[in-house]
Colleague: 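Take this structure, written in structure tokens, and hold onto it; I'll ask about it next.
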There are 2 protein chains.
Amino acid sequence: MARSEISTRERIVSAASALFYADGIRGVNVDAVAAKAGVTKRTLYYHFKSKDDLVAAYLAGRDQPNLALFKQWFDEAEGGLPAKVERIFRNLARSARHPKWKGCGFLRTSAELANMPGHPAIRIGAAHKKKFEDWLRVTFEAAGIAEAAQLARQILLLLDGSFAVVLLHRDPSYMETAGHAAHALTKAALPVRKKRQ
Amino acid sequence: MARSEISTRERIVSAASALFYADGIRGVNVDAVAAKAGVTKRTLYYHFKSKDDLVAAYLAGRDQPNLALFKQWFDEAEGGLPAKVERIFRNLARSARHPKWKGCGFLRTSAELANMPGHPAIRIGAAHKKKFEDWLRVTFEAAGIAEAAQLARQILLLLDGSFAVVLLHRDPSYMETAGHAAHALTKAALPVRKKRQ
DNA sequence: TTGTGTATATTCACTGGTCGGTATACATGA
DNA sequence: TCATGTATACCGACCAGTGAATATACACAA
């Protein structure tokens with residue numbers, strides 16, 4: 001193991017991440033990843049046994065940071081539960097306005113590799129979405145929502161719908177629409193307490 | 001012009017459609033399309049000036065039939081507007097159970113070609129989704145829904161979210177969840193008439 | 001009817017280039 | 001001396017697109 005600040009392996013994953021996200025899996029060749037990481041291809045193949053292995057590392061490296069960001073957005077939002085949920089969508093809309101934004105890497109990878117059902121990248125993507133859905137469900141349960149599981153799935157559907165639609169239309173306002181819907185569904189599922197929030 | 005039942009060009013598009021949908025754009029090579037269509041590659045290039053041109057033809061050929069199917073499902077459903085909307089999702093869930101189902105071809109293509117913003121295929125996909133959204137909006141306006149445009153967008157988000165999530169998890173029950181959400185949002189947007197539906 | 005020109009449609013063989021992955025050798029530190 | 005890690009050079013398969021020739025169908029003049 002090299003003792004440098006960031007390991008060779010990390011630099012390779014980082015380069016792969018940027019390229020795969022920008023141009024898709026099949027749109028990026030291994031030489032390009034090696035070049036961007038500043039290593040030769042042989043070195044890359046020392047650390048990863050195949051391109052597929054590298055793809056898996058790319059998504060695995062995005063799992064935790066992505067979830068953390070959503071949770072952070074939720075936590076720092078003010079207002080009731082519906083407002084906190086909606087805030088995730090509003091922040092996402094802001095991200096989507098950056099020119100380099102290209103939707104959800106997990107979703108795009110699973111779409112591209114849809115003909116390889118058992119591909120590690122797809123399993124990692126599915127696990128990622130499951131974690132997000134579970135976090136939503138637990139949060140909703142804690143708020144006393146009876147149909148917490150169903151609501152969590154609905155929010156997930158709106159979120160992933162946003163990724164798909166905004167990627168296609170390049171119009172982030174769809175994310176705010178999804179946020180409204182998420183707000184409405186959450187509010188309707190909330191147990192009644194008093195008239196005003 | 002050949003006088004056969006189906007033209008060579010149609011056979012090529014049909015072959016391309018099956019292959020591109022199954023394996024993705026970059027996962028299919030032009031030789032495979034030519035072979036499946038029973039023509040030489042040179043013939044294919046007589047009818048289409050490039051692979052991208054063929055991709056555009058693939059999606060253009062799916063536009064009208066896809067929309068017609070959704071409208072048919074909606075029309076033949078019984079019950080009120082929310083039930084008719086929900087029926088689309090239920091029928092889609094049934095389609096998604098077929099082993100060859102691989103999500104929405106428009107969405108998957110736009111995800112795969114996300115690094116080519118002006119690609120004809122993406123414009124065709126965007127136009128397709130826009131048509132569907134417009135049809136929903138007009139339908140909702142006819143039902144007297146004030147926020148018809150917003151509701152149409154929300155339904156679209158749920159629909160495309162279904163495609164993405166079901167493709168990833170291979171669990172069509174998410175489509176029924178989306179149908180519930182669509183039902184609830186439609187019902188809430190409907191102008192009040194009487195207590196029981 | 002027959003010959004000729006022309007646009008359409010199709011084939012075989014090929015090219016220039018890309019890509020995932022590897023054989024082999026070398027360096028360095030424990 | 002042995003495990004770890006890096007470099008150069010290469011391979012075989014694949015792949016989008018093309019050159020040149022040929023077949024088919026039809027229009028029109030002799």
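Naming: A, B, ... by sequence-line order, numbering from 1 per chain.
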Colleague: If every non-hydrogen atom of B:H169 is compared with every non-hydrogen atom of A:A126, which pair is closest and at what distance?
Modeller: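 In this case the closest contact between B:H169 and A:A126 is NE2-O, 3.3 Å.
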Colleague: If you assign each of B:K41 and B:R9 to its closest nucleotide in DNA chain C, which residue comes earlier from the 5' end?
Modeller: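 Result: B:R9.
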Colleague: Counting just side-chain N and O atoms, does A:T40 come under 4.0 Å of either OP1 or OP2 of D:dT6?
Modeller: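 It does not, given that no N or O in the side chain of A:T40 lies less than 4.0 Å from OP1 or OP2 of D:dT6.
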Colleague: Does A:S50 place a side-chain N or O at less than 4.0 Å from the phosphate oxygens OP1/OP2 of C:dG21?
Modeller: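 So the side-chain polar atoms of A:S50 never come under 4.0 Å of the phosphate oxygens OP1 or OP2 of C:dG21.
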Colleague: Given the ring of B:Y21, does B:R62 sit roughly above its face, with NZ or CZ under 6.0 Å from the centre of the six-membered ring and within 45° of the axis?
Modeller: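 B:R62 over B:Y21 ring: yes.
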Colleague: When you measure from every atom of DNA chain D, which of residues 15-38 of chain A have a heavy atom less than 4.0 Å away?
Modeller: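 Here the set is empty: none.
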Colleague: Could you give the CG-to-P distance, from A:L54 to C:dG21, as a whole number of Å?
Modeller: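 Interatomic distance, CG of A:L54 to P of C:dG21: 10 Å.
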Colleague: CZ of B:R42 versus C1' of D:dT18: gap in Å, rounded?
Modeller: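 It is 5 Å, rounded to the nearest whole Å.
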Colleague: Quick test of your reading of the model: are A:E176 and A:R87 salt-bridged, counting only N-O distances below 4.0 Å?
Modeller: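 No salt bridge links A:E176 with A:R87.
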Colleague: Round to a whole Å and report the spacing from NE2 of B:H47 to C1' of C:dA9.
Modeller: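 In whole Å, C:dA9 C1' lies 6 Å from B:H47 NE2.
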Colleague: Would you mind reporting whether B:F140 and B:V85 have side-chain heavy atoms less than 4.5 Å apart?
Modeller: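 Yes - at least one pair of side-chain heavy atoms lies under 4.5 Å apart.
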Colleague: Can you name the nearest heavy-atom pair linking B:V28 to B:L19, along with the distance?
Modeller: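 So the two residues come closest at CG2-O, 3.3 Å.
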Colleague: Would you indicate which nucleotide in C:dC12, D:dA7, D:dA16 comes nearest to any side-chain atom of B:Y45?
Modeller: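 Nucleotide nearest to B:Y45's side chain: D:dA16.
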Colleague: Distance check needed: D:dG5 P versus A:I12 CD1, whole Å only.
Modeller: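 Those two atoms, CD1 and P, are 11 Å apart.
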Colleague: Using 30° and 60° as the class limits, which term best fits the ring planes of A:F74 and A:W135: parallel, tilted or perpendicular?
Modeller: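 The rings of A:F74 and A:W135 stand perpendicular, inter-plane angle above 60°.
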Colleague: In whole angstrom, give the distance that lies between atom CG of A:L44 and atom C1' of C:dC19.
Modeller: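 Interatomic distance, CG of A:L44 to C1' of C:dC19: 13 Å.
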Colleague: Let's test your reading of the model: under 3.5 Å, does the base of C:dG21 pair with the side chain of A:K51 as donor and acceptor?
Modeller: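 Answer no: no donor N or O sits under 3.5 Å from an acceptor.
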Colleague: Under a single-linkage definition using a 4.5 Å side-chain heavy-atom cutoff for Ile, Leu, Val, Met, Phe, Trp and Tyr, are B:Y46 and B:L54 assigned to the same hydrophobic cluster?
Modeller: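 In one cluster: no.
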Colleague: In this structure, how many angstroms lie between the P atom of D:dT24 and the OH atom of B:Y46, rounded?
Modeller: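 The distance from OH of B:Y46 to P of D:dT24 comes to 16 Å, rounded to the nearest Å.
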